[in-house]
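Here's the structure, in structure tokens; my notes come after.
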Amino acid sequence: MKPSLPQGTRDFSAEVVRKRNYIFETIRNVFELYGFQPLETPAMENLDTLMGKYGEEGDKLIFKILNNGLERPEKHAMAKADFEKVLDGKNTKGITERALRYDLTIPFARFVAMNHGQLSMPFKRYQVQPVWRADRPQKGRYREFYQCDADVVGSNSLLNEVELANIYATVFKKLGIQVEIKINSRKILTALAEVCGGPEQVINITVAIDKLDKIGMDKVKEELATRGLNIEQVSIIEKYLSISGDNQEKLDQLSALLGANAQGNQGREELRYVLDYCQQSSFICDLSIDFTLARGLNYYTGIIFEVKAGNVQMGSIGGGGRYDDLTGLFGVPNIPGVGISFGVDRIYDVMEELRLFPGTVQSGTKVLFFNLGAEESKRAYSLMQQLREKGIATELFHDQAKFDKQFKYAEKKSIPYAVMLGGQELLDNTCNVKNLQTGEQQTIAQQDLPGFLS
RNA sequence: GAGGGUGUAGCUCAGUUGGUUAGAGCGACAGUUUGUGGCACUGUAGGUCGUGGGUUCGAGACCCAUCAUUCUCCCCA
């Protein structure tokens with residue numbers, strides 16, 4: 001058979017793994033620096049934990065796992081009946097009761113709902129694990145990819161939003177990626193809906209305005225009209241979408257447009273609070289208000305974030321926001337939270353495209369001992385172990401072979417030093433150390449080798 | 001869910017209006033007389049042209065189907 005990979009999945013070579021780890025470590029370190037603690041959850045969840053949490057589209061993209069044991073004869077009648085339901089587009093526990101994780105937020109909410117008694121609030125966790133989506137793969141879109149999430153639950157304080165915004169700024173600064181961190185509030189979108197036909201319009205409105213930069217103002221207006229908004233309401237939304245200027249100007253214009261709407265005032269005050277805080281914080285955390293930002297997930301209720309990379313064509317590389325009642329879905333009400341997510345695979349693609357990985361990321365074997373005979377390699381082996389004890393990655397060539405071959409092996413693995421210890425050196429208790437980049441070679445005492453290379 | 005592109009050696013790709021035995025570069029392996037690499041030179045291996053049908057005297061090329069892959073839309077990280 002011809003081996004192949006499931007669609008949308010990838011193998012990662014040593015070079016790629018090292019680059020990915022560089023991103024993971026950068027993000028993890030910043031999370032830790034801000035007091036977040038790690039959590040891991042299973043790759044699979046019960047299907048009903050996930051269903052209905054990501055909207056209608058999201059449900060379709062959940063990878064479902066077929067139950068085991070359906071072939072057992074005593075289950076045939078039931079299994080056939082259940083399969084009929086599946087053919088009608090319904091899910092049934094008889095066929096599938098588990099599914100692969102779709103994101104990290106809902107499993108976290110499940111975890112909090114199960115353990116809230118033991119957790120000291122506010123509880124800050126981060127999580128770095130793969131998620132799976134039965135989506136059609138394309139550029140920057142995979143079926144298996146990693147998310148790095150940081151969430152705080154059990155606190156309404158906007159200080160959390162400030163912290164998370166600063167985490168975004170810090171991580172992308174460390175990685176050297178120029179980004180635009182966009183911020184908005186769901187409350188402002190709610191207020192807009194209240195002014196334009198009532199709260200039940202909020203989904204219709206957000207779906208439409210989210211498309212603004214893709215389909216343009218005219219098409220958005222068209223779509224709003226077909227979704228039941230009258231001319232006056234459409235014109236308010238047009239004014240809303242036309243708001244421009246710096247953050248302060250945008251807030252002022254919004255104020256004029258929405259007037260005394262309570263939700264609107266609250267959303268505006270929250271934005272102002274976060275922006276003020278970030279402005280006076282000691283490092284650069286450049287947030288820009290984007291009133292067209294909506295975010296697809298419908299559990300967000302307050303401030304929302306999205307991160308776009310500059311100078312490159314790529315979907316968002318991070319997103320998040322506040323949700324007032326995520327655990328309510330699991331029977332534990334009144335635990336508010338806010339969180340952000342990093343899309344590592346897209347960050348990788350961006351960094352690769354812009355050549356942002358530092359050369360130091362690749363560090364494999366540092367020293368190769370040449371194999372020049374039985375006695376020689378025995379001595380080399382004991383020297384090698386001394387180097388390894390000092391934390392220096394070292395290899396001994398597997399066979400006695402021509403110099404040519406051993407040099408080429410070192411070169412292919414980009415090993416910077418070769419140590420040659422032959423018959424003469426065996427007698428002298430010396431060895432020849434060659435720097436393979438410069439070609440310089442020197443003879444030193446064997447006992448000095450660990451010190452020389454560290 | 002809707003619509004395009006592409007499938008030829010391990011990799012990147014040539015292959016003329018359909019015409020004999022399908023090519024190149026890179027890579028791999030071996031060697032250029034057995035203790036100093038990168039360069040160069042020589043040689044070797046490796047392809048049922050994604051798969052199955054069809055048209056034709058003749059198909060890698062044309063037609064149909066199928067599978068894989070990739071991109072766009074929807075949605076998303």
Side-chain angles (χ1 to χ4, degrees), chain A residues 1-10 13 23 27 54-62 89 101-105 128-149 168 179 206-208 210-211 214-215 219 223 293-298 305-309 313-321 339-350 368 370-373 376 397 400-426 431-443:
Chain A
M1 68 164 275
K2 209 175 173 182
S4 67
L5 236 36
Q7 194 180 40
T9 66
R10 297 148 299 158
S13 68
I23 300 174
I27 295 172
Y54 308 107
E56 208 176 309
E57 282 296 312
D59 282 357
K60 287 187 207 158
L61 300 180
I62 294 171
R101 197 201 286 131
Y102 178 90
D103 73 352
L104 301 178
T105 307
V128 177
Q129 287 191 281
V131 302
W132 294 269
R133 296 189 187 173
D135 208 349
R136 201 99 177 239
Q138 53 185 277
K139 186 181 180 188
R141 176 174 306 193
Y142 307 97
R143 284 183 149 181
E144 177 183 66
F145 62 98
Y146 271 75
Q147 287 191 329
C148 304
D149 278 29
Y168 266 144
V179 291
T206 53
V207 166
D210 198 36
K211 296 180 183 167
K214 275 180 190 158
I215 62 177
K219 293 268 184 190
E223 182 155 343
L293 178 61
R295 309 261 326 136
L297 297 170
N298 45 30
F305 297 106
E306 193 159 292
V307 184
K308 287 272 300 174
Q313 187 65 36
M314 180 66 72
S316 65
I317 56 177
I340 56 171
S341 179
F342 290 83
V344 172
D345 301 77
R346 285 188 177 174
I347 291 171
Y348 179 94
D349 289 346
V350 168
L368 177 71
F370 276 26
N371 187 328
L372 302 174
E376 290 88 338
F397 198 77
Q400 184 176 356
K402 298 205 301 188
F403 268 54
D404 180 69
K405 228 180 158 109
Q406 307 200 42
F407 269 121
K408 280 184 175 157
Y409 178 82
E411 194 184 332
K412 261 170 214 159
K413 284 187 80 169
S414 309
I415 298 172
Y417 293 99
V419 176
M420 285 155 282
L421 195 160
Q424 188 57 47
E425 289 79 14
L426 207 53
C431 57
N432 297 315
V433 181
K434 182 162 185 172
N435 180 325
L436 295 179
Q437 273 131 43
T438 62
E440 284 168 42
Q441 179 172 322
Q442 49 189 304
T443 305

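Computed from a predicted structure; not experimentally measured. Side chains included, hydrogens not; waters and symmetry mates left out as well; all remaining heavy atoms used. Just so we're on the same page: letters track the sequence lines, and every chain starts at 1.
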Could you list the protein-to-nucleotides 5-8 of chain B atom pairs, N/O on both sides, closer than 3.5 Å?
none

Reading 5' to 3' through nucleotides 30-37 of chain B, protein heavy-atom contacts under 4.0 Å coded B for base, S for sugar-phosphate only, - for none = S-S--BBB
Protein-proximity profile, nucleotides 65-72 of chain B, B/S/- by nucleotide at the 4.0 Å heavy-atom cutoff, equals ----S-SB
Please name all residues satisfying ring-ring contact (aromatic ring centres under 6.0 Å, His included) with A:Phe397, sequence neighbours left out, ordered by chain then number.
-> A:Tyr409
All ring-ring contact (aromatic ring centres under 6.0 Å, His included) counterparts of A:Phe145, not counting sequence neighbours | none
Residues forming a side-chain hydrogen bond (donor to acceptor under 3.5 Å, both in side chains) with [X], sequence neighbours excluded:
{"X": "A:Tyr417", "answer": "none"}
{"X": "A:Ser414", "answer": "none"}
{"X": "A:Gln147", "answer": "none"}
{"X": "A:Gln7", "answer": "A:Arg143"}

Consecutive-pair stems (at least three Watson-Crick or G-U pairs, under 3.5 Å) that include RNA chain B = B:1-7 with B:67-73, B:10-13 with B:23-26, B:28-32 with B:40-44, B:50-54 with B:62-66
In chain order, what residues pass the side chain to side chain contact (heavy atoms under 4.5 Å, CB included) check against A:Asn432, with sequence neighbours excluded?
-> A:Met420, A:Glu425, A:Gln441, A:Thr443
Set of side chain to side chain contact (heavy atoms under 4.5 Å, CB included) partners for A:Gln437, sequence neighbours left out | A:Pro416, A:Asn435
